[in-house]
*Asks:* 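This is the structure I want to talk about, given as structure tokens.
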Amino acid sequence: MQVYVAGKGIITAIGNNVAETLQSFRKSKSGISHITILPTVHAGTLPAGEVKFTNEQLAELAQLPASVSRTGLFSLIAAREAINDANIPHLNKWRVGFISANTVGGMDHTENIFKAFHEDHTKADLSDVEQHDSGAVTGIVAEKLGIKDFVTTISTACSSSANSIMYGARLIKNNLADVIIAGGTDALCRFTLNGFNSLMILDDRPCTPYDENRKGLNLGEGAGYVVLVSEKVAETLPKKPSAKLVGYANANDAFHQTASSPEGKGNFLAMTGALAMSGLPHEAIDYINLHGTGTLNNDVSESIAIQRVFGMNVPKMSSTKAFTGHTLGACAGVEAVFSIIAMEEGMIFPNLRWQTQMKEVPFKPVTELMTGVEVNHVMSNSFGFGGNCSSLIFSKIK
Amino acid sequence: MLYINGTVCISPQNTSDNSVFLPEVKPYTGNKIYCVDVDYTKFFDPGSIRRMGRLIKFGTAAGMLTLKDAGVETPGAISTGTGYGLMDVSQKFLHNVIDSNETSVSPTSFIQSTHNTVSSNIALMSGCHAHNNTFAHRGFSFESSLLDAFLLAKEGYDNILVGAYDEVSDHSYRSMKRLGLLREEPCTNTELFTAEQKGTIAGEAAAFFLLSKEKNENTYGAFAGCKTFSAPANADELKSITTAFLSANNLSANELDVVVSGHCGDSRLDALNEALIDSLFTQQTILVYKQLCGEYMTSSAFAAWLAARIMKLQSIPETLIKVNRQRQPKNILLYNSHRGNHALLLFKHV
């Protein structure tokens with residue numbers, strides 16, 4: 001059973017939709033900037049991939065009340081674009097699911113009301129209290145989309161939305177569902193900004209993944225979803241799907257709560273597992289969308305694991321987090337959309353701001369935008385806290 | 001069908017020791033109840049025990065004890081669910097961020113705050129490099145991990161550790177209070193169902209299951225099916241969903257012996273459970289359980305632990321029985337709901 005990608009939708013610091021995102025890639029325009037929307041004392045010092053819309057503006061875009069968490073607003077905007085893009089005839093005659101992912105849920109609201117709420121529980125708005133947990137955000141969006149058959153939320157830190165895409169594909173392969181909107185969402189909030197800052201893994205400049213002199217990551221925000229469909233649904237589509245999800249694997253590093261093992265065991269298992277399922281030889285991969293956060297630890301473990309999987313003949317690769325920042329629970333959904341854009345447009349995105357070769361590995365990422373390239377198979381990596389490592393492989397349908 | 005070859009539950013009752021089965025109910029005063037701690041020094045060093053959030057301790061311990069109960073060192077995969085996640089350490093971190101105006105923040109609580117902390121802790125301690133998932137979808141969190149396990153079994157995995165866990169945190173307790181879900185104090189858990197009343201009590205627990213394709217001498221019974229659905233429009237719709245679920249599993253209502261119902265003690269909410277029982281289950285023994293663990297998003301995992309123990313021992317502790325129809329507990333149905341998330345789980349004695 002094949003799983004086709006029938007549609008995609010996205011919102012990040014480099015665009016509110018797929019078309020704007022593509023424009024930013026064409027111009028190699030980064031979305032990393034000073035924080036202007038999130039109220040934080042770090043606004044002037046820690047750059048981020050912030051979506052430059054207030055909650056009120058996002059609510060208008062999403063056609064939701066502004067009382068919905070920013071995480072939910074992003075989610076609906078991107079999921080709706082994906083569904084419209086897929087344009088599935090008679091969508092409601094199929095078994096449809098919404099498998100989302102996030103790490104913060106409604107934390108952006110919780111942190112605003114927290115102090116008052118903990119002094120007097122009657123002080124908080126009911127809706128702020130209601131949407132704290134991760135599932136609440138998914139529930140609001142599913143209801144707005146009219147999806148009832150399968151709705152759930154995965155939260156495995158930075159690999160969350162890779163696992164939601166996997167879960168969606170498995171529901172289709174096991175004939176439990178026909179159409180799954182899968183991906184993830186996360187909003188910037190003081191909780192994560194201060195968390196990563198306290199771990200001293202945030203760069204105070206725009207981040208430089210895979211560079212010898214990298215200092216850490218920049219956080220980002222947004223959402224990315226793909227519409228996965230069965231063969232039966234694919235046959236009914238007015239627009240032929242451009243890609244298939246041909247391989248995936250979820251593995252655990254089982255090494256440390258927040259750090260990757262030096263040899264990248266989990267990363268290695270995720271990549272080799274996804275390759276094995278796809279049946280592709282490793283030489284077939286044309287592009288790796290790296291997890292590439294820009295932290296000392298991640299980039300070394302990931303690149304050593306890549307070397308173990310691919311040997312000396314590594315594919316072209318880049319981290320698009322230099323464009324968007326690290327969107328946490330959304331990143332694999334966002335980067336799945338990027339992977340499909342790469343194949344559709346014959347484009348490989350540059351690893352912006354890269355200057356110096358890492359001493360641990362002999363290869364470097366793509367540093368200038370490449371166009372007119374044949375990109376048939378893309379691997380997308382997502383690794384997170386708790387050793388959760390997942391890799392996805394998409395193939396172009398010619 | 002997957003066999004339950006190991007299970008352990010840590011809850012507000014003495015449930016972590018499988019050599020006994022609820023000989024008595026621990027009474028608590030007030031509208032929130034907390035787990036009975038186990039000896040965490042078996043799992044963590046004393047320094048980390050002090051730094052760790054409660055849910056990480058009792059969640060991880062329940063998972064590790066389940067592996068021990070099943071005699072499995074390293075599971076084939078891990079999939080768990082949690083409604084609120086690590087709320088206690090999250091709120092500790094939030095206090096730190098807000099009180100220091102983001103200037104003097106310690107990473108200790110942040111590191112522990114991601115939803116996958118318990119699943120990954122168990123992976124780390126059991127050396128499990130395989131599939132590792134954590135669902136965080138309110139009343140579907142446990143059921144999603146169960147479905148994950150059913151899919152994994154079809155995909156070639158075996159000895160899959162599933163479970164669910166939630167804790168009473170200050171934040172979740174206040175939230176339940178704000179939402180008007182809690183019973184007015186004074187109250188006690190032992191009187192949750194004694195009269196028509198409003199509100200429930202906040203609770204917590206962690207329950208894990210080692211699921212295998214083959215049965216063995218430690219098998220408790222089997223998970224035979226699971227269905228999740230959003231709030232039915234009325235009792236008739238609930239009845240037809242339940243009937244369809246049973247027939248999809250080749251059972252009629254009459255063939256069920258025991259129905260475990262997620263009555264929460266709020267008679268307004270329990271009316272739907274009552275209607276289902278009155279319309280379909282007049283010949284079955286009816287059990288209720290939230291007087292033991294309280295109400296929380298993943299309480300169906302606690303009820304699944306009860307079902308597993310009942311199947312293995314073929315006897316039912318007195319304290320659970322709402323209506324006794326003297327049936328041997330072979331086929332057991334669990335119906336539970338949590339604020340719009342409804343679930344049916346089917347268990348079979350083997």
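Quick note on labels: first sequence line is chain A, next is B, and so on, each numbered from 1.
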*Asks:* Just so I understand: if I count every heavy-atom pair under 4.5 Å between each of A/Asn163, A/Val151, A/Leu269, A/Thr103 and chain B, which residue has the most?
*Replies:*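 If we count pairs closer than 4.5 Å to chain B, A/Val151 comes out on top.
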
*Asks:* Does any donor atom in the side chain of A/Thr153 or B/His137 lie under 3.5 Å from an acceptor atom in the other side chain?
*Replies:* yes

*Asks:* Tell me the closest heavy-atom pair linking B/Glu102 and A/Val41, and the distance in Å.
*Replies:*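 That would be OE2-N, 3.1 Å.
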
*Asks:* Write down the atom of A/Asn252, the atom of B/Cys128, and the distance for their closest heavy-atom approach.
*Replies:*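 Shortest heavy-atom separation between A/Asn252 and B/Cys128 comes out as CB-O, 3.7 Å.
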
*Asks:* Name the option with the most non-hydrogen atom pairs under 4.5 Å to chain B; the candidates are A/Asn197, A/Val137, A/Thr122.
*Replies:* A/Thr122

*Asks:* Any idea which of A/Ala124, A/Gly384, A/Gly387 has the most non-hydrogen atom pairs under 4.5 angstrom with chain B?
*Replies:* A/Ala124

*Asks:* Show the nearest heavy-atom pair for residues B/Ser120 and A/Gly386, with the distance to one decimal.
*Replies:*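 The answer is CB-O, 2.9 Å.
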
*Asks:* Considering all heavy atoms of both residues, which atom of B/Pro107 and which atom of A/Leu199 are nearest to each other, and what is their separation?
*Replies:* CB-CD2, 3.7 Å

*Asks:* Does B/Asp148 reach the side chain of A/Arg170, with side-chain heavy atoms less than 4.5 Å apart?
*Replies:*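 They are in contact (side-chain heavy atoms under 4.5 Å apart), so the answer is yes.
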
*Asks:* Which residue out of B/Phe140, B/Phe150, B/Phe93, B/Phe229 racks up the most heavy-atom pairs below 4.5 Å with chain A?
*Replies:*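 Highest number of heavy-atom pairs under 4.5 Å: B/Phe93.
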
*Asks:* Please find out if less than 6.0 Å separates the ring center of A/His121 from that of B/Tyr173.
*Replies:* no

*Asks:* For the CE atom on A/Met200, are there more than 12 heavy atoms of other groups (residues, nucleotides or ligands in this structure) within a distance under 6.0 Å?
*Replies:*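 It does not: A/Met200 CE has 12 such atoms or fewer within range.
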
*Asks:* Could you walk me through whether B/His95 and A/His118 satisfy the side-chain contact (heavy atoms from CB on, under 4.5 Å) test, starting with their C-alpha distance in whole Å, then the side-chain angles of each, then the deciding distance to 0.1 Å, before giving a yes or no?
*Replies:* CA-CA 10 Å; B/His95 277 300; A/His118 278 255; 4.1 Å; yes

*Asks:* Do you know the tightest heavy-atom contact between A/Ala254 and B/Leu124?
*Replies:* C-CD1, 3.1 Å

*Asks:* Heavy-atom distance under 4.5 Å between the side chains of B/Leu151 and A/Leu171, does that happen here?
*Replies:*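 They are in contact (side-chain heavy atoms under 4.5 Å apart), so the answer is yes.
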
*Asks:* Please report the shortest heavy-atom distance between A/Gln257 and B/Thr114, naming the atom on each side.
*Replies:* NE2-OG1, 3.9 Å

*Asks:* Atom NZ in B/Lys177, atom CZ in A/Phe117: separation rounded to 0.5 Å?
*Replies:*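 Between B/Lys177 NZ and A/Phe117 CZ, I get 10.0 Å after rounding to 0.5 Å.
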
*Asks:* Using a cut-off of under 4.5 Å on heavy-atom pairs, state which of A/Glu130, A/Glu111, A/Met166, A/His256 scores highest against chain B.
*Replies:* A/Glu130

*Asks:* Are the side chains of A/Asn174 and B/Glu155 in contact, using a 4.5 Å heavy-atom criterion?
*Replies:*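 Side-chain contact under 4.5 Å: yes.
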
*Asks:* Give, for atom OH of A/Tyr167 and atom OG of B/Ser79, the distance between the pair rounded to the nearest 0.5 Å.
*Replies:* 7.0 Å

*Asks:* Would B/His115 and A/Thr156 satisfy side-chain contact (heavy atoms from CB on, under 4.5 Å), going step by step from the backbone distance to the final call?
*Replies:* CA-CA 6 Å; B/His115 288 72; A/Thr156 53; over 6 Å; no

*Asks:* Can you tell me how the ring of A/His132 sits relative to the ring of B/His171, calling it parallel under 30°, perpendicular over 60° and tilted otherwise?
*Replies:* tilted

*Asks:* If you tally heavy-atom pairs under 4.5 Å against chain A, which of B/Asn341, B/Ile98, B/Asn133 wins?
*Replies:* B/Asn133

*Asks:* Relative to chain B, which of A/Thr258, A/Asn102, A/Asn388 shows the most heavy atom pairs under 4.5 Å?
*Replies:*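 The candidate making the most pairs under 4.5 Å is A/Asn388.
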
*Asks:* Are A/Glu119 and B/Arg174 ion-paired here, with the side-chain N under 4.0 Å from a carboxylate O?
*Replies:*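 Not counted as a salt bridge, because no side-chain N and carboxylate O are separated by less than 4.0 Å.
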
*Asks:* Heavy-atom pairs under 4.5 Å with chain B are the metric here; pick the option from A/Val129, A/Asp128, A/Thr152, A/Thr40 that has the most.
*Replies:* A/Thr152

*Asks:* For A/His42, which residues count as a side-chain hydrogen bond (donor to acceptor under 3.5 Å, both in side chains) partner, sequence neighbours excluded?
*Replies:* A/Asn194

*Asks:* Give the C-alpha distance, both sets of side-chain angles, the deciding distance and a yes or no for side-chain contact (heavy atoms from CB on, under 4.5 Å) between A/Phe191 and B/Val97.
*Replies:* CA-CA 7 Å; A/Phe191 186 91; B/Val97 168; 5.9 Å; no

*Asks:* What residues of residues 138-148 of chain A sit under 4.5 Å from chain B when you count only heavy atoms?
*Replies:*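 Hits under 4.5 Å: A/Thr138, A/Gly139, A/Lys148.
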
*Asks:* May I ask you to test the A/Phe150-B/Leu147 pair for a side-chain heavy-atom distance under 4.5 Å?
*Replies:* yes

